[in-house]
Amino acid sequence: MKFSGSVEVSGKTVISRNIFSLDIVSPQIASQASPGQFIQVKIPGINSVLWPRPFSVRKIKDDIVTVSIKKCGKVTGLLYDINRGDRLYVTGPFGNGFILPQMGRSIYLVAGGAGLPPLLFLCESILEKGYSPKLIHFYSGARYVEELFANDELTSLGVHSVVTTDDGSYGIKGLVTEPFANDLTKVHSGKDDLGPVIYGCGPMAMVKKVAEICHGLECYLSLEQLMPCGWGVCNGCAVKIKAGDSDNTEDEKGFRLARVCKEGPVFKASELIWD
Amino acid sequence: MGLSLQTEIAGLKLKNPILSASGCFGYGEEATEFFDINQLGGMVTKSITPLPRTGHPPPKVVETASGMLNAIGLTNVGLDRFIMEKLPFLQKLSCTVIVNIAGSTVNDYTMLAGKISSLEGVDAIEVNISCPNVDSGGLEFGASPAEAAKVIRAVKKASRVPVIPKLSPNVTDIVAVAKAVEDAGADAVSLINTLVGTAIDIQTTRFKLSNRFGGLSGPAVKPVALAMVYKVASAVKIPVIGVGGISSGDDVVEFLMAGAKAVQIGTACFAEPTVFLRVIDELSTYLKKNNYQNVNDIIGAVKDG
Ligand SMILES: Cc1cc2nc3c(=O)[nH]c(=O)nc-3n(C[C@H](O)[C@H](O)[C@H](O)COP(=O)(O)OP(=O)(O)OC[C@H]3O[C@@H](n4cnc5c(N)ncnc54)[C@H](O)[C@@H]3O)c2cc1C
Ligand SMILES: Cc1cc2nc3c(=O)[nH]c(=O)nc-3n(C[C@H](O)[C@H](O)[C@H](O)COP(=O)(O)O)c2cc1C
Ligand code: FES
């Protein structure tokens, strides 16, 4: 069963002026959630804001679920002032999550902004399963240094990691997809039997770029959409994806609707349609 | 004596007056991941059209003050897949199952009503008349009493189960539409569907919805829905189902006092999938606290202030 109810905030970590993490106590979510899944969070008593907000699961430890949040609007601004002991209304976990890679293949993780928390969770999970850190390449981008979700955590994993900021305030100046694209061409020319597996998560423009770079390769992308419900009933998050032969619809043939909250948020790059 | 929440709509016995609203509850299956939906008085499916529809492109939802706009565009699986993929689940339910239908012509509606009402497990049909009428230049069926009556008369002939028109609030006189569909044979009415609205992104100078306009729902519409329910319930003899902005037991009590015999909850379940159970609880608490033994005792109980 999915969880729906009030939870206690058991911890808060401020990472920068804009980034913070909240730990919430939910055995039910903790026992189910996998990398790439998300929870919906609502602040009790704030009635003018209707929708819950989606946040990827960053980490699970015993009964504690951690989310990392970038302050960027109404609810995330209010969440920044939430403290240990406060309560939140939470539902989840939702979404399909990432398919874990086969052992031994080289992995490329490409994160933009709030795409980092789920990919860090994925990375830690596969390392825990014995995956060699040498095979993992982690690219993480933010607009500027205060919007970096993690840095120490990334370097301590022992994987190849590259950090970019748009303004050069930390790491390489530029877009995260640039060093990734450069490195990938090198791998391409190597002899990697099954080829690399690429995971991308971040704003639409970024994951679209990753899809272009990875044309023909095995690539999974996690999409961001507005999510009024998160549990598949409103259709507000639905996007068109390539359809099988049997899914003709009245509006347009050859397309199928997929709810990002239910059939996603992770899709194969090859099934996505970019308008 | 124990408390009774039972109510009756068009011969259908509901174990309590709380139903899910169309378009906000899928075809029921998703909610089973949270609770046993047989605890509901009943559920209403997403509008079914003759053929599947993908609906409008994103952005199709916008959050507004205490509400939201949606221009989903009647995304649904269409009649055939509804019967093949969704009906078997609905047939296993013990709560009342109402199937909502929508079309672009009177023929669409009668075909849907004929087929769906003969399926086992379908207890009633709710008719979404807030749809453009292709035969008369795209005006909503529900916008005119005469057109609304025409559809409902035809649906009533085709249907073997009770017919519940769902009224649009985007009209000059909702009471006239309600009376017209009552005369056409409607067994009950539900109201309100969403209110037409829009929102503009002032940075990009674009409409926030790809469809320009959307339907407003949520707490923002509750006072409007409540007034319309009161007016309609005072004017017709058939039962009224109240919909619009309900998110608490107190909201339900208001709608019942205004004359609704049952209510539907839509938008509020997005953030809180189990809102129905909380609302049933809060309704019971209100009734007990105020020494009512039967929920029917408060229906239409409102007096002038
Ligand atoms: C599956 C999924 C997982 C996510 N995981 C995380 C996470 O782990 N950490 C994190 O910080 N953020 C995450 N996000 C983004 C986060 O949900 C939004 O930043 C948040 O909803 C903004 O709420 P707000 O009220 O502060 O912003 P608002 O005041 O509503 O809007 C402010 C700005 O944020 C943008 N925004 C609003 N909603 C979303 C959304 N659903 N997705 C993307 N941008 C949005 C708006 O376009 C606007 O520019 C995730 C989004 C999705 C869809
Ligand atoms: C996302 C969304 C989709 C909806 N789809 C339908 C629909 O397919 N058919 C219909 O008759 N009403 C539909 N409605 C209207 C609701 O059933 C209800 O009448 C309206 O939202 C007001 O109730 P609420 O404020 O409790 O949501 C939809 C509403 C929303 C928010
Ligand atoms: S957010 Fe409602 S269906 Fe996906």
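The model shown is predicted, which means the values in this text are computed figures rather than measured ones. Atoms considered below: every heavy atom in the structure, side chains included; atoms not considered: hydrogens, waters and symmetry mates. Protein chains get the first letters and strands the later ones, always in sequence-line order, with residue 1 at the start of each.
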Would you tell me whether [X] and [Y] have side-chain atoms, one donor and one acceptor, within less than 3.5 Å of each other?
{"X": "B:Thr274", "Y": "A:Ser4", "answer": "yes"}
{"X": "B:Asn76", "Y": "B:Thr49", "answer": "yes"}
{"X": "B:Asp123", "Y": "B:Thr96", "answer": "no"}
{"X": "B:Asn107", "Y": "B:Thr105", "answer": "no"}
{"X": "B:Gln264", "Y": "B:Glu126", "answer": "yes"}
{"X": "B:Asn100", "Y": "B:Ser47", "answer": "yes"}

Determine the option with the most heavy-atom pairs under 4.5 angstrom with chain A, choosing from [options].
{"options": "B:Gly67, B:Gly218, B:Gly78, B:Ala65", "value": "B:Gly67"}
{"options": "B:Ala268, B:Pro59, B:Gly26, B:Ala271", "value": "B:Ala271"}
{"options": "B:Thr64, B:Val62, B:Asn70, B:Thr32", "value": "B:Val62"}

Next on the checklist: Need one label for A:Asn47: side chain, backbone, both or neither, based on atoms under 4.5 Å from any heavy atom in chain B.
Outcome noted: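 Backbone only.
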Item to check | Structural part of A:Ser48 lying under 4.5 Å from a heavy atom of chain B | outcome: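 Contact with chain B involves both backbone and side-chain atoms of A:Ser48.
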Checklist entry - Any salt bridge (Lys or Arg N to Asp or Glu O under 4.0 Å) pairs touching residues 227-238 of chain A, not counting sequence neighbours? => result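 Listed by first then second residue: nothing to list.
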Next on the checklist: Please output the residues of residues 63-87 of chain A in contact with chain B, using a heavy-atom cutoff of under 4.5 Å, in numerical order.
Outcome noted: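 Within residues 63-87 of chain A, the residues that come under 4.5 Å of chain B (heavy atoms only) are A:Lys74.
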Next on the checklist: Can you list the residues of residues 49-59 of chain A that sit under 4.5 Å from chain B, counting heavy atoms only?
Outcome noted: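 At a heavy-atom separation under 4.5 Å, chain B is reached by A:Val49, A:Leu50, A:Trp51, A:Pro52, A:Arg53.
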Checklist entry - Nearest 0.5 Å, what's the CD1-SG distance between B:Ile265 and B:Cys24? => result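 Here the interatomic distance stands at 10.5 Å.
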Next on the checklist: Can you tell me how far apart CG (A:Asn96) and CZ (A:Phe267) are? Round to the nearest 0.5 Å.
Outcome noted: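 Between A:Asn96 CG and A:Phe267 CZ, I get 7.0 Å after rounding to 0.5 Å.
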Next on the checklist: Using every non-hydrogen atom in the two residues, find where B:Ile98 and B:Ile125 come nearest and quote the distance to one decimal.
Outcome noted: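 Taking B:Ile98 first and B:Ile125 second, the nearest heavy atoms are CG2-C, 4.1 Å.
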Under 4.5 Å heavy-atom distance to chain A, tell me which part of [X] shows up: side chain, backbone, both or neither.
{"X": "B:Thr267", "value": "side chain"}
{"X": "B:Tyr27", "value": "neither"}
{"X": "B:Glu29", "value": "neither"}
{"X": "B:Ala31", "value": "both"}
{"X": "B:Pro273", "value": "both"}
{"X": "B:Val77", "value": "neither"}

Checklist entry - Can you tell which of A:Ala238, A:Gly230, A:Gly232 has the highest number of heavy-atom pairs within less than 4.5 Å of chain B? => result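 Option with the top pair count is A:Ala238.
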Checklist entry - Okay, side chain of A:Lys2, backbone of A:Pro93: is any donor-acceptor separation there less than 3.5 Å? => result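 Answer holds: yes.
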Checklist entry - Can any side-chain N or O of A:Tyr199 pair as donor or acceptor with the backbone N or O of A:Ile99 at less than 3.5 Å? => result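 Yes; at least one donor-acceptor contact below 3.5 Å.
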Next on the checklist: Taking the basic N atoms (NZ, or NE/NH1/NH2) and the acidic carboxylate oxygens, is any pair closer than 4.0 Å for A:Arg143 and A:Asp167?
Outcome noted: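 Salt bridge absent between A:Arg143 and A:Asp167.
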Next on the checklist: If the condition is salt bridge (charged side-chain N to carboxylate O under 4.0 Å, His left out), which residues does A:Lys208 pass it with, not counting sequence neighbours?
Outcome noted: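 For A:Lys208, no residue satisfies salt bridge (charged side-chain N to carboxylate O under 4.0 Å, His left out) once neighbours in sequence are set aside.
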Checklist entry - Going by the angle between their ring planes, with limits at 30° and 60°, are B:Phe35 and B:Phe25 parallel, tilted or perpendicular? => result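 Correct class here is tilted.
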